[in-house]
Amino acid sequence: MPFSIHVGPNVRTSPFFEATVADGVRSFSVYNHMYIPGNFGDPDGEYDRLLHGVAMWDVAVQRQVELAGPDAMVLAQLLTPRHLGGTRPGQGRYVPLCDHDGWLINDPVLLPLSQTQVWLSIADSDVGLWALAIARERGLDVAVTEPDVSPLAIQGPLAMEVAEALLGDWVRALRPFAFRETELDGIPLVVARSGWSKQGGVELYLRDGSRGTELWERVKRAGAPWDIGPGAPNDIERLESGLISYGADMRRQTLPANPFEMGFGAMIDLSAGHDFIGRAALERIAAEGPARRRVGVFLDGPPVDGNRQPLTLLRDGVRIGHVTEIAHSRRLGRNIGVGLAPADLGDDATGLSVGLADGERAASLTALPFLR
Ligand code: THG
């Protein structure tokens with residue numbers, strides 16, 4: 001590209017920034033007002049390592065919004081349609097958040113450290129401001145802050161070998177999204193069985209930003225026997241696996257979508273009687289039935305090279321939906337994408353195409369995920 005992206009103080013750097021630069025990071029993106037590594041110069045090798053080995057990722061951009069005080073769980077429940085009854089400390093959950101009209105505004109992981117201290121590990125939108133406003137306007141007894149917490153992900157089929165070498169065999173017993181507070185060489189951590197890939201692994205939530213390089217080096221050393229290497233959340237793997245990317249797949253301001261359209265319906269029990277923001281809107285949408293559904297898309301033709309903007313999904317040349325992100329999957333030997341189509345359009349629909357910058361590609365629909 002004939003330009004570079006300026007690194008200045010208005011966009012925040014991660015505690016792992018220096019370590020990733022030392023390890024050869026080659027691109028950054030911006031997420032939650034912070035830089036996030038994109039790749040380390042070998043995208044194919046980094047994908048292969050995630051699929052067959054173990055990778056370490058700076059995901060400090062997954063910021064924590066902390067709810068602390070007697071009303072922490074009350075506020076958490078107000079923020080998500082998912083019923084939080086039965087939530088217990090140490091067991092995380094994936095919790096879509098909606099605005100009053102039922103539009104998704106984020107899809108964080110909830111980590112209840114205790115009944116009075118809860119983290120929301122957020123995707124790319126300003127949940128902290130939203131939660132602060134809701135808490136104050138509702139007169140709740142809860143402090144909303146962004147603590148000094150920065151996740152580092154270890155992902156891949158060999159990730160648990162590295163996690164065990166680092167932390168001990170107890171990590172293997174963690175169920176999906178379960179977590180524990182611990183220390184590693186005196187570095188305060190929360191360790192969770194989670195991560196934005198379907199290849200398995202853990203996330204180490206660093207609780208002291210001054211020790212980022214130290215933790216990075218410690219993980220590198222422990223992972224050396226399994227040839228661990230630096231990487232980043234991988235868009236090709238996430239498309240294959242059907243993981244949702246808030247900001248790419250939907251965003252309140254630019255690509256509004258409701259939880260039923262995005263496939264979160266099974267998480268939302270409207271009969272549980274709990275109060276939450278967006279309930280009236282979701283009851284209406286549930287009664288009417290959602291207008292759109294999330295789909296996988298195959299695109300014909302030569303390998304595509306991603307997309308900068310959402311793309312148009314057409315039927316017989318008429319716009320019927322959108323495709324939010326595309327990539328070439330080497331595993332499938334095909335171009336794939338995800339998007340939203342009319343709810344009544346079956347996977348066997350014909351006459352479909354996707355509008356790329358350089359012309360239209362014939363397309364067909366398929367169920368998600370592409371691969372398990
Ligand atoms: N880890 C942590 N924080 C995060 C993410 C993460 N914050 C931002 C973003 N990712 C939040 N969004 C997601 C989206 C998908 C998943 C996790 C967080 C995910 N989904 C699985 C799936 O869809 O198959 C499992 C969902 C479920 O079983 O409930 O893992 O990755 N700390």
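Order of listing sets the numbers, starting from 1, for every ligand and every atom in it.
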Q: Assess the side chains of Glu203 and Gln62: does a donor N or O sit below 3.5 Å from an acceptor N or O?
A: yes
Q. Is it the case that Trp57 and Asn234 place a side-chain donor and acceptor less than 3.5 Å from each other?
A. no
Per-atom contacts, ligand 1 versus [X] - under 4.0 Å to a heavy atom:
X	answer
Lys198	21 (C), 22 (C), 24 (O)
Glu203	1 (N), 2 (C), 6 (C), 32 (N)
Tyr31	8 (C)
Ile244	14 (C)

Q: Please state which part of Phe179 comes within less than 4.0 Å of ligand 1, counting heavy atoms only: side chain, backbone, both or neither.
A: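 Under 4.0 Å from ligand 1, Phe179 contributes no heavy atoms.
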(Q) One residue to check: Ile122. Relative to ligand 1, which of side chain, backbone, both or neither has a non-hydrogen atom less than 4.0 Å away? (A) backbone
Q: Return yes when atom CD of Glu288 has more than 12 non-hydrogen atoms of other residues, nucleotides or ligands closer than 6.0 Å, and no otherwise.
A: yes
Q. Is Asp42 atom CG crowded by more than 12 heavy atoms from other residues, nucleotides or ligands, each under 6.0 Å away?
A. yes
**Q.** ligand 1 to Ser121 polar contact by distance, N or O atoms, under 3.5 Å
**A.** yes
Q | Backbone or side-chain N or O of Asp107 under 3.5 Å from ligand 1 N or O | A |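 N/O-N/O distance under 3.5 Å: yes.
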Q | Candidate list Leu167, Ile187, Thr182, test side chain to side chain contact (heavy atoms under 4.5 Å, CB included), partner Leu204, passing option | A | Leu167
Q | Cation over ring face, Arg180 and Trp170, 6.0 Å, 45° | A | yes
Q | Axial cation check for Phe40 ring with Arg26, 6.0 Å and 45° limits | A |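 No, Arg26 does not lie over the aromatic ring of Phe40.
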Q.
Taking the ring centre of each residue, are Phe179 and Tyr205 less than 6.0 Å apart?
A.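 Between Phe179 and Tyr205, the centre distance exceeds or equals 6.0 Å.
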Q: Please write down residue, atom name and distance for the protein heavy atom closest to atom 6 (C) of ligand 1.
A: Gln62 OE1, 3.4 Å
(Q) What protein heavy atom lies closest to atom 21 (C) of ligand 1? Include the residue and the distance to one decimal. (A) Leu243 CD2, 3.6 Å
Q: Run down the list Trp196, Tyr205, Phe264, Trp57 and name the one with the heavy atom closest to atom 31 (O) of ligand 1.
A: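 When every heavy atom of Trp196, Tyr205, Phe264, Trp57 is considered, Trp196 comes closest to atom 31 (O) of ligand 1.
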Q: Pick whichever of Tyr246, Phe177, Tyr94 has a heavy atom sitting closest to atom 30 (O) of ligand 1.
A: Phe177
Q.
Would you call the rings of Phe16 and Trp216 parallel, tilted or perpendicular, taking 30° and 60° as the class edges?
A. tilted
(Q) Under 4.0 Å, counting heavy atoms only: does Gly195 come that close to any atom of ligand 1? (A) yes
